[in-house]
Participant: 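I'd like to ask you about the structure that follows.
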There are 2 protein chains.
Amino acid sequence: MIFGFDKGELKILLIERNEEPYKDWLALPGYFVEQQESIDEAAARILYELTGLRGIFMEQFHTFGEVKRHPQGRVITVAYFAMIRLSGAKELKPVTNYAKKAFWHPVESLPELAFDHSVIFNKALQKIKRKIAYQPIAFELLPEKFTLTQLQTLYEAVLNKKLDKRNFRKKMLNYGILKELDEKQKGVSYRAAKLYKFDKRKYAKLFKNELSF
Amino acid sequence: MIFGFDKGELKILLIERNEEPYKDWLALPGYFVEQQESIDEAAARILYELTGLRGIFMEQFHTFGEVKRHPQGRVITVAYFAMIRLSGAKELKPVTNYAKKAFWHPVESLPELAFDHSVIFNKALQKIKRKIAYQPIAFELLPEKFTLTQLQTLYEAVLNKKLDKRNFRKKMLNYGILKELDEKQKGVSYRAAKLYKFDKRKYAKLFKNELSF
DNA sequence: TTCACTTAGTGTACAAAGTACAATATTAAT
DNA sequence: ATTAATATTGTACTTTGTACACTAAGTGAA
C-alpha cells in the first residue's frame with residue numbers, strides 16, 4: 001500500500017488488474033514472491049513492475065493467511081506500506097502486463113477492491129492514523145520544502161479532523177526535527193509563508209527505537 | 001513466542017528440537033502451516049502440539065522472509081507472540097515428537113537458538129518493551145488476583161529498570177482498569193497487601209483501537 | 001505484651017506537555 | 001490607500017509525569 005498526499009487529500013495507489021481472477025477490478029499492487037528473493041525484495045520488485053516506482057522504503061505491515069482469500073488456491077499475502085511524496089507527479093507506468101494501469105485514488109470513498117484488499121487497506125489506514133499521532137511519519141508525504149500550514153493540512157487529512165493552528169505549530173517546532181529555511185513560498189497571492197525542511201538526522205536520534213525509516 | 005513471568009523474571013517458552021536440521025538445539029516453538037488452516041489457526045495448533053498449551057490468544061508480530069533462513073529450502077516464517085500467566089505451573093508436554101521437550105527460560109542470558117530464532121526473539125522483546133510503555137498489556141502475565149507490588153515487579157522485569165513506587169501506583173490506578181478487591185494477600189510473614197483484578201471491560205473501552213486482546 | 005522487622009501505603013512540590021482561545025502582521029491585488 | 005487572504009504569535013489553564021521519604025500494618029520472636 002503506497003500512500004501519497006496531494007491537494008489536501010490522502011491518496012492510495014491502486015492498479016487495474018489485467019488478469020483473472022478479478023480481471024478489470026481495482027486492487028492494491030501485489031504479486032508473487034520468487035524463490036530467490038526475500039519478501040522485502042519481492043515487495044520492491046513488484047511495486048516497480050506494477051507502477052514503475054523504484055527505491056521506496058516500505059515497512060512490513062501484516063500477513064494475511066485465511067484459507068479462502070484467493071478463489072484459485074491458497075495464497076498468503078505479506079502486506080507492506082509506504083508513504084511517498086507526490087511532487088512532480090511521477091508517471092505511473094506498469095512494466096508488466098499484469099496491471100493495465102496504476103493511479104492514485106483518495107482514501108475516502110474507495111470502491112470495493114479485488115480479493116480481500118479492502119480489508120487489508122482499512123487495517124493499514126487505521127494503523128497509520130494511530131502511528132502518526134505519536135510519531136511524525138508524515139513528512140515523507142510532503143515535498144522537500146513545505147510550509148507549516150501544508151504540514152497541518154496533511155495531519156488533518158490523515159486524522160480526518162481539524163487541529164488548532166497555534167498548538168500544532170508549537171508541537172511540531174518543539175519536536176526539533178524541522179529546519180527553518182531562509183526561503184519563502186512563491187507564487188501565492190497573499191502573505192508568503194516560511195518554508196521548512198524535515199531534519200532526518202535529528203529525527204533518527206529521537207526515534208531510533210521505532211520502526212519507520 | 002510465548003512470554004511468561006515467574007519469580008520476578010520474564011521468561012520465554014523454548015523447545016528442544018528433535019528433528020534435523022538443528023536437532024537437539026533450542027528453538028522457538030514453530031512448524032509448518034497446513035493447506036486447510038489459516039495462519040492464525042496454524043499458530044495455535046503448533047503451539048499445542050509442541051507444548052500442550054491451548055487457548056492462548058496470540059498476536060501476529062512479523063514475517064521473516066530472507067532467502068537462506070532454513071538450510072534445507074525456502075521457508076517463510078510468520079511469527080506470533082503471546083503473554084500468559086504461569087500460575088499453577090501448567091505441565092508442558094509435547095504432543096508430537098518434533099520437540100523433545102518444552103520449558104521456560106529467562107529472557108536474559110538466552111543461549112543461541114536454532115535458525116534465525118535469536119533474531120526473531122530479540123525483535124519481539126524490543127517490541128514488547130515499547131508496547132508495555134503505552135499500553136497495559138502486562139496483566140496477562142500475572143495471576144488473576146495480584147498486588148500492586150507484583151505488578152510493579154513485572155513492569156520492572158520487562159523494562160529492565162527500577163520504577164518509583166508512588167508514581168507507579170498513581171499511574172496504574174489512574175488508568176481505571178484495576179478493580180480493588182476485598183481480599184488480601186495470604187501466607188506472607190509481613191503486612192499483607194490488597195489484591196487487585198484487571199478489569200477487561202474497562203480496558204477494552206480505553207484501548208479499543210489498539211491491537212492486543 | 002512488647003519489640004523488631006518487613007513490606008504496604010500514602011502526598012506534595014515541581015516540571016513538562018497538552019489545550020483552548022483571538023489579535024496583529026504581511027503580502028498581493030485592486 | 002484599501003481590501004482580502006493567509007501567516008504568525010502568547011497566555012492562562014489543565015493534565016500528566018517525576019522526584020522524593022515517612023508512617024501504617026501485620027508477623028514472628030523474645
Side-chain angles (χ1 to χ4, degrees), chain A residues 7-8 129-136 138 142-143 145-197 202-203 206-207 210, chain B residues 7-8 129-136 138 142-143 145-197 202 206-207:
Chain A
K7 302 195 188 90
K129 285 188 186 185
R130 266 201 318 266
K131 192 162 179 168
I132 203 176
Y134 67 91
Q135 195 179 133
L142 289 175
K145 300 172 184 178
F146 51 85
T147 69
L148 290 177
T149 299
Q150 284 167 357
L151 184 59
Q152 182 174 348
T153 307
L154 166 56
Y155 267 77
E156 290 176 343
V158 174
L159 297 174
N160 203 19
K161 69 176 178 191
K162 282 279 168 198
L163 301 174
D164 179 84
K165 186 154 50 160
R166 278 170 293 190
N167 294 337
F168 179 81
R169 283 163 183 247
K170 200 196 315 177
K171 184 169 175 174
M172 284 300 143
L173 294 173
N174 264 3
Y175 274 138
I177 56 178
L178 293 184
K179 222 186 313 191
E180 187 179 330
L181 301 176
D182 269 343
E183 269 178 275
K184 292 196 169 180
Q185 223 178 359
K186 277 178 186 160
V188 290
S189 67
Y190 45 79
R191 176 175 176 183
K194 273 184 214 153
L195 289 172
Y196 290 81
K197 241 176 135 168
K202 287 188 184 156
Y203 177 89
L206 217 55
F207 290 89
E210 297 294 333
Chain B
K7 303 198 187 86
K129 285 188 187 184
R130 263 201 320 265
K131 192 163 178 167
I132 203 176
Y134 68 90
Q135 195 178 132
L142 288 175
K145 299 170 183 180
F146 51 86
T147 69
L148 289 178
T149 300
Q150 285 167 357
L151 183 61
Q152 183 175 347
T153 307
L154 166 57
Y155 267 76
E156 290 176 343
V158 173
L159 297 174
N160 202 20
K161 68 176 177 191
K162 283 278 169 200
L163 301 173
D164 178 84
K165 183 156 53 160
R166 278 170 293 191
N167 294 338
F168 179 81
R169 284 163 182 245
K170 202 195 316 177
K171 184 169 174 172
M172 284 299 144
L173 294 173
N174 263 3
Y175 274 138
I177 57 179
L178 293 184
K179 224 186 308 191
E180 186 178 330
L181 301 177
D182 270 343
E183 270 178 277
K184 292 196 169 180
Q185 220 177 2
K186 277 177 187 161
V188 290
S189 67
Y190 45 80
R191 176 177 178 182
K194 274 185 213 150
L195 289 172
Y196 290 81
K197 243 175 134 168
K202 287 187 184 156
L206 217 55
F207 289 90

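In the text below, chain A, chain B and the rest are named by the order of the sequence lines, each starting its count at 1.
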Participant: Which atoms form the tightest heavy-atom contact between Q150(A) and L142(A), and what is the distance?
Facilitator: O-CD2, 4.3 Å
Participant: Q185(B) has an atom CD; how far is it from atom C1' of dT27(D), in whole Å?
Facilitator: 13 Å
Participant: K194(A) has an atom NZ; how far is it from atom C1' of dT6(D), in whole Å?
Facilitator: 14 Å
Participant: By nearest nucleotide on DNA chain C, pick out whichever of V188(A) and L173(B) is the more 5' one.
Facilitator: L173(B)
Participant: What integer distance in Å separates K184(B):NZ from dA24(D):P?
Facilitator: 15 Å
Participant: Considering the options L173(A), L181(A), I177(A), which one meets the side chain to side chain contact (heavy atoms under 4.5 Å, CB included) requirement together with Y196(A)?
Facilitator: L173(A)
Participant: What are the two closest heavy atoms between K145(A) and E183(A), and how far apart are they?
Facilitator: NZ-OE1, 2.8 Å
Participant: Could you give the distance from CD (E156(A)) to NZ (K161(A)), rounded to the nearest 0.5 Å?
Facilitator: 10.5 Å
Participant: Nearest heavy-atom pair of L163(A) and Q152(A): which atoms, and what distance?
Facilitator: O-NE2, 2.9 Å
Participant: Determine the minimum heavy-atom distance between T147(B) and A193(B), stating which atoms define it.
Facilitator: CG2-CB, 3.8 Å
Participant: Drop me the distance from F168(B)'s CZ to L148(B)'s CG, to the nearest 0.5 angstrom.
Facilitator: 7.0 Å
Participant: What nucleic acid atoms does T149(A) come within less than 4.0 Å of, heavy atoms only: base, sugar-phosphate, or nothing?
Facilitator: sugar-phosphate
Participant: Would you grab the first and last nucleotide of DNA chain C (5' to 3') that comes under 4.0 Å of any non-hydrogen atom in chain A?
Facilitator: dT19(C) to dA29(C)
Participant: Tell me: CZ of R191(B) to C1' of dT23(D), nearest whole Å?
Facilitator: 9 Å
Participant: Please list, in numerical order, the residues of residues 162-170 of chain B that have a heavy atom closer than 4.0 Å to any atom of DNA chain D.
Facilitator: D164(B), R166(B), N167(B), K170(B)
Participant: Could you grab the distance from atom CZ of F146(A) to atom CG of L178(A), nearest 0.5 Å is fine?
Facilitator: 5.0 Å
